[in-house]
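Structure, as structure tokens:
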Amino acid sequence: MTPEEHSALCQLVDALVEGRGSEEDVRRLEELVRTPEGRELYIDYVLLLGELHWGAGGLLEVPNSPIPENLSGIRAEVARKQSFAGQNKITRRLVAWGLVGMAAAVGFCLALLWRWHAFLTPEITRLPESRIATCVDVFEASFETPHLTVGSPLQSGDIVRLRSGLAAWRDQHGTTWTLEAPAVLRVDDAQNVTLTCGKMVVQLAPGCRGFLVKTPHARVMDRGTSFAVEVTSEATRVHVLTGKVALGALQPDGGDIRELGKGQAAMVGSAGRVVTIPWGGHRFWAHIPKKGSVAAWRYVALHDPHIWLSADFEQEAALYNHRDGHVGTIFPVRMRGTFSDVSAQWATGYGGQSRAVRVIRANRDGNSNGLGWQSEEPLTFPNRFTAEIIFRFDGWPEESPEAVGSLLATRQDAHRCGFLLAAVPSETGAPSEAALAHLLVADQNWAQTRGRLSAGHWYFAVVTIQTDEQRNSTHVCTYLQDLTAYGELEKVFDGWVAGTVPSGTLGIGKGFDARLAHAYPFPGAIDEVGFYNGIMEEETIRRHADFLVTQATPAGAIPLPSEAAEGSDIGDPLIHTNNGAIPLEKPSSK
């Protein structure tokens, strides 16, 4: 303890005893007495005050007299007034009464300090010194640790076992830790935690430094930053979100130590070597999602046990394969026309808290002109799968259109195509309206659904595919929900479609013409895409939809046409050639 702190502690005690201290004085005194040296000085000084109080008021019985500078003069004066024969007896009494007086003085000062602080701040409940952090938010969280919920404290030595979901804690300085299950975390002290397994994002409060995360393989020391940590049985992976961190082996002398900056990532295995890896900070949850958001749906979707592929367009255009960990590229493609480039086109996503990709449809020859997205590598679709998509319909570019706007498509050759989900003009021909349809074989008619789209609205659509190769047909179920109108999820198609889904590159917001050229751009924006390896139960589909909308209107938001039945042909107004099927020679917009 420095001389300045020594003097400050004594002045603070004086101020509190004399009744002129402030709340800030109490806070400052609490900080000074947290160290062993500070506590020892505090006790000694309070004892001295008690001894002076007893000596001045108890022995001399002069309550209003000033306190002498020291007690030795008092004792000497008393001793001179007593006979030599009784001096030992008086001394013994003096010591006994002195001890009693000092004890009383200590109790008096402590009681005074407590009563003064309680009177000054009756509405404030101070956290125990042992409380390090408080749980501030959870999402779909399930704990093995009993009694943990929002508001629960974490103390030194506590262990958190998060079985599922997300949970966030904030310490007294404002630093937050967000855990993603399954995870096990031990709190060592206010600036030191141990992550045994799972994922964790640390976001330090402004001005805070020195936060340490230990794992079975590594030590991660922040340098005023935010970072993500993932711990598996084989290795620890660190992704820096902002600032810098120092990453090294668990034992400081056991391996490399490397400084990582924003956008960098590295891994430490059991050998203690630091190895650079691709940055993937966008895969971590720095914030707890709220129900009614794309983020909430994305979390539930990505944690579905059957998730196969996903594309979210938040950080980069990529198609994630959750089965083998492969990340494929999705790139924008130009469909003829006069575009000067084919750079990414972005838009604000559903709810304003996500990013969507724009799909552009030309004002003329719209079937073949525009901008869409396509996977770089071909896909092999299983016989049973489910596709989910969140999209916005912006309307057709002209009155009475005769066009197709593909949402999800794949095509192998001129005959085998797969328009898993597409928009076609509605019966009214209004440019602000569209209907959903399916087509798996080029020379067959479109299977129209009861789903209707309105320009400017966001939608959540789900398609389940179950192939019967012997019959060369596919059973399709289609669900649609108008998110903008808070509509309820509706099943708009349940039937058989001729043909099977071919393998090939995946088109998002675009399709393929008879020569496998890019065609049929969708007029709107696409926020999220997910594919699942299996038929999703309707109960699960509705649960996914519930995370996108927090409230719904009593009436369904999807108008049901009176004339078009499920599976009926759209007919001549859509495409004039080949009995209503896709033209095999060239795309047509007339």
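Because only heavy atoms are used, hydrogens play no part in the values below, and waters and symmetry mates are left out as well, while side chains stay in. If you're wondering where the values come from, they're calculated on a predicted model, not measured in any experiment.
Legend: side chain to side chain donor-acceptor pair (under 3.5 Å) pairs involving residues 461-477, not counting sequence neighbours, sorted by first then second residue: H475-D494. Evaluation of the ring-ring contact (aromatic ring centres under 6.0 Å, His included) test over residues 178-209, restricted to residues two or more places apart or in two chains, returns none. Here ring-ring contact (aromatic ring centres under 6.0 Å, His included) pairs that include residues 178-221, with residues two or more places apart or in two chains, are W177-F211.
When the side-chain contact (heavy atoms from CB on, under 4.5 Å) test is applied to T484, the partners found at least two apart in sequence or on another chain are H457, W458, D482. Shown here are the side chain to side chain donor-acceptor pair (under 3.5 Å) partners of E528, two or more places apart in sequence or in another chain: R298. P216 meets the side-chain contact (heavy atoms from CB on, under 4.5 Å) test with V231; sequence neighbours excluded. For E144, there are no side chain to side chain donor-acceptor pair (under 3.5 Å) partners at least two apart in sequence or on another chain. For F391, the ring pair (Phe, Tyr, Trp, His ring centres under 6.0 Å) partners at least two apart in sequence or on another chain are Y459, F522. Every residue meeting the ring pair (Phe, Tyr, Trp, His ring centres under 6.0 Å) condition with F313, not counting sequence neighbours, appears here in chain and number order: W373. With sequence neighbours excluded, the residues forming a ring pair (Phe, Tyr, Trp, His ring centres under 6.0 Å) with Y299 are F139, W285, H303, listed by chain and number. Under the salt bridge (charged side-chain N to carboxylate O under 4.0 Å, His left out) criterion, K199 pairs with no residue at all, not counting sequence neighbours. Partners of W308 under the ring pair (Phe, Tyr, Trp, His ring centres under 6.0 Å) rule, at least two apart in sequence or in another chain, are F381.
Residue V275 comes nearest to R258 through the heavy atom pair C-NH1, 4.3 Å, listed as atom of the first residue, atom of the second, then distance.
Without hydrogens or angle criteria, H239 side chain to G280 main chain gives a donor-acceptor distance under 3.5 Å. R411 places a side-chain N or O within donor-acceptor distance of the main-chain N or O of F512, the cut-off being under 3.5 Å. Listed for the T175 side chain is a donor-acceptor partner under 3.5 Å among the backbone atoms of A205.
Side-chain contact check for E388 and H544: at least one donor-acceptor pair (N or O, by modelled atom type) lies under 3.5 Å. In this structure, a donor-acceptor pair under 3.5 Å is present between the side chains of S310 and H322. Of the N and O atoms on the side chains of T478 and H438, at least one donor lies less than 3.5 Å from an acceptor on the other residue.
Atom CG in D158 sits 8.0 Å away from atom CG in L148 (nearest 0.5 Å). Taking CE from M267 and OG1 from T232, the interatomic distance works out to 8.5 Å, rounded to the nearest 0.5 Å.
R542 has a carboxylate O that lies under 4.0 Å from a charged side-chain N of E538, or vice versa, which qualifies the two as a salt bridge.
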